[in-house]
Amino acid sequence: MDNEKVYAMLFSKIYLLLVSKAEKKGRTKEEVDQIICWLTGYTEQDIERAIFNSVTYGAFFQNAPQLNPNRKQIKGSICGVRVEEIADPLMQEIRYLDKLIDELAKGKAMEKILRDGDETPNTIEEYIRQQPVEAQPYLYQINTALQAALPDAVQKISWGMPTYWKKRNLIHFAAFKKHVGLYPGPEAVETFADRLSEYKTSKGTIQFPYNKLLPMELITEIAVWCERMLDQNNT
């Protein structure tokens, strides 16, 4: 089956197949939901809405709120192909889920499936130290800017990423092969769109490549804006 046909299939149909595969091996629907939420950032309610609204499988992944950066640790073969070598980004996301459900059906422990074992950092400093050397200066610069901009926020690891939290997650950042990702949310990306034209953006995400200087003033403004919007919504 070609990729486009897979993308056009209903998420509800694939979801039932994934749950059935797990349950035949003594695992549960709840574990399947936990894996999907970990991988995509959706909630269980979001999954139910996707089923009810007849969302396609491709759209389900394209609109994922927060793809977990730790998914890059998923390796091995599924359907005769190594997931880390799949060239099509959307198909790779789909095969990540296939691989995780395959591990679930084979009896692997959830903490291993979710790549949340002993190597998972507990602090932002630990996270940065675990990243490639070329990424660390960018991560430290962003973290320093966020510390100054959000002095009242709690620093934590959420969804496997450095996170600044104040009643809810305000902003995340994470290292990737060729860029640092900043996750201030869709509204922030839309608000600052005119100043982000030279950077690749997607739903709630900004990519700062390693071959450019970081726009520290802009990053600070985005962080301050995120906190201001949170405070306004809570008044």
Side-chain angles (χ1 to χ4, degrees), residues 3 38-41 58 61-75 82-96 115 119-121 123-150 153 155-165 169-227 229:
N3 290 1
W38 176 91
L39 181 64
T40 64
F61 281 94
Q62 288 173 327
N63 296 320
Q66 195 78 68
L67 290 169
N68 196 310
N70 284 358
R71 74 195 189 284
K72 298 299 183 179
Q73 299 177 26
I74 302 170
K75 302 183 187 299
R82 294 194 64 85
V83 292
E84 66 270 29
E85 297 175 358
I86 295 174
D88 186 316
L90 182 55
M91 181 54 66
Q92 187 177 52
E93 302 300 344
I94 288 172
R95 293 310 183 200
Y96 280 147
R115 278 58 182 175
E119 294 184 1
T120 301
T123 67
I124 293 177
E125 284 289 329
E126 288 180 7
Y127 175 91
I128 294 175
R129 288 197 298 268
Q130 290 179 11
Q131 303 312 307
V133 173
E134 63 272 18
Q136 291 185 21
Y138 294 85
L139 297 170
Y140 277 120
Q141 288 180 63
I142 290 177
N143 193 43
T144 298
L146 296 183
Q147 284 177 331
L150 304 170
Q155 299 177 39
K156 60 191 290 188
I157 300 295
S158 180
W159 298 107
M161 295 182 287
T163 300
Y164 280 72
W165 182 94
N169 290 337
L170 282 172
I171 194 165
H172 312 269
F173 63 98
F176 293 89
K177 186 175 181 179
K178 295 182 179 180
H179 70 273
V180 173
L182 188 71
Y183 300 85
E187 291 182 2
V189 173
E190 183 177 350
T191 298
F192 289 89
D194 59 331
R195 298 174 61 189
L196 293 170
S197 59
E198 63 180 288
Y199 302 102
K200 184 176 181 180
T201 62
S202 59
K203 185 179 180 181
T205 307
I206 308 163
Q207 295 184 10
F208 296 117
Y210 295 137
N211 61 358
K212 289 185 178 182
L213 293 175
L214 286 169
M216 302 308 301
E217 182 178 345
L218 177 57
I219 291 171
T220 297
E221 288 184 39
I222 291 172
V224 170
W225 182 91
C226 289
E227 184 175 41
M229 291 301 102

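The structure presented is a predicted model; accordingly, all values stated were derived computationally and were not measured. Positions are given from 1, in the same order as the sequence printed here.
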Rounded to the nearest 0.5 Å, what separates atom CE in Met229 from atom OG1 in Thr191?
7.5 Å

Does any part of the side chain of Thr205, heavy atoms only, come nearer than 4.5 Å to the side chain of Leu182, both counted from C-beta?
no

Which residues pass the salt bridge (Lys or Arg N to Asp or Glu O under 4.0 Å) test with Glu134, not counting sequence neighbours?
none

Counting only heavy atoms not in Gln136 (residues, nucleotides, ligands), do more than 12 fall under 6.0 Å from its CD?
yes

Modelled atom types, side-chain donor and acceptor of Asn169 and Thr163, under 3.5 Å:
no

Supply the atom-to-atom distance Leu139 CG to Ile124 CD1, rounded to the nearest 0.5 angstrom.
10.5 Å

Is there a side-chain contact (heavy atoms from CB on, under 4.5 Å) between Gln147 and Tyr164 once you walk through the steps?
CA-CA 9 Å; Gln147 284 177 331; Tyr164 280 72; 2.9 Å; yes

Of all residues at least two apart in sequence or in a different chain, which pass the side-chain contact (heavy atoms from CB on, under 4.5 Å) check with Lys212?
Glu198, Tyr199, Pro209

Evaluate Lys203 against Gln62 for side-chain contact (heavy atoms from CB on, under 4.5 Å), listing each step before the verdict.
CA-CA 9 Å; Lys203 185 179 180 181; Gln62 288 173 327; over 6 Å; no

Tell me, with the steps shown, if Gln73 and Asn70 meet side-chain contact (heavy atoms from CB on, under 4.5 Å).
CA-CA 6 Å; Gln73 299 177 26; Asn70 284 358; 3.6 Å; yes

How long is the straight-line distance from CG of Leu67 back to CG of Leu39, given to the nearest 0.5 Å?
6.5 Å

Between Phe61 and the options Glu93, Met91, Gln92, the side-chain contact (heavy atoms from CB on, under 4.5 Å) test singles out Glu93

Can you confirm whether Thr123 sits close enough to Ile157 that some side-chain heavy atom of one is under 4.5 Å from a side-chain heavy atom of the other?
no

Quick check: closest heavy atoms across Ile206 and Pro184, and the distance to 0.1 Å?
CD1-CG, 4.0 Å

Are any non-hydrogen side-chain atoms of Val189 and Tyr183 less than 4.5 angstrom apart?
no

To check you understand the geometry: which heavy-atom pair defines the closest contact between Leu90 and Asp88, and what is its length?
N-OD1, 3.0 Å

Does a donor on one side chain and an acceptor on the other come within less than 3.5 Å for Asn143 and Tyr127?
no

In terms of heavy-atom contacts, Glu227 and Ala149 come closest through OE1-O, 3.9 Å

Test ring-ring contact (aromatic ring centres under 6.0 Å, His included) applied to Tyr138 and Phe208, Phe173, Tyr210, the passing residue:
Tyr210

Contact check, side chains of Glu221 and Arg195, non-hydrogen atoms, under 4.5 Å:
yes

Got a second to check how far Ile222's CD1 is from Leu170's CG, nearest 0.5 Å?
13.5 Å

Main-chain N/O of Asn68 paired to Arg71 side chain as donor or acceptor, under 3.5 Å:
yes

Do the charged groups of Lys72 and Glu84 touch, with an N to O distance under 4.0 Å?
no

Is Lys200 close to His179 at the side-chain level, that is, under 4.5 Å between some pair of heavy atoms?
no

For the residue pair Trp225 and Phe192, does the interplanar ring angle fall in the parallel (under 30°), tilted (30 to 60°) or perpendicular (over 60°) class?
perpendicular

Do the side chains of Tyr140 and Glu125 get nearer than 4.5 Å, heavy atoms only?
yes

Qualifying residues under salt bridge (Lys or Arg N to Asp or Glu O under 4.0 Å), relative to Glu217, sequence neighbours excluded
none

Other residues, nucleotides and ligands only: do more than 12 of their heavy atoms fall within 6.0 Å of CD on Glu190?
no

Is there a donor-acceptor pair under 3.5 Å between the side chain of Thr220 and the backbone N or O of Met216?
yes

Would you indicate whether the side-chain heavy atoms of Leu150 and Ile171 approach each other to under 4.5 Å?
yes

Nearest 0.5 Å please: distance from the CD1 atom of Ile86 over to the CD1 atom of Ile94.
9.5 Å

Tightest non-hydrogen contact, residues Ser158 and His172, listed as O-ND1, 3.9 Å

Using a 4.5 Å cut-off on heavy atoms from C-beta on, say whether the side chain of Phe176 contacts that of Pro69.
yes

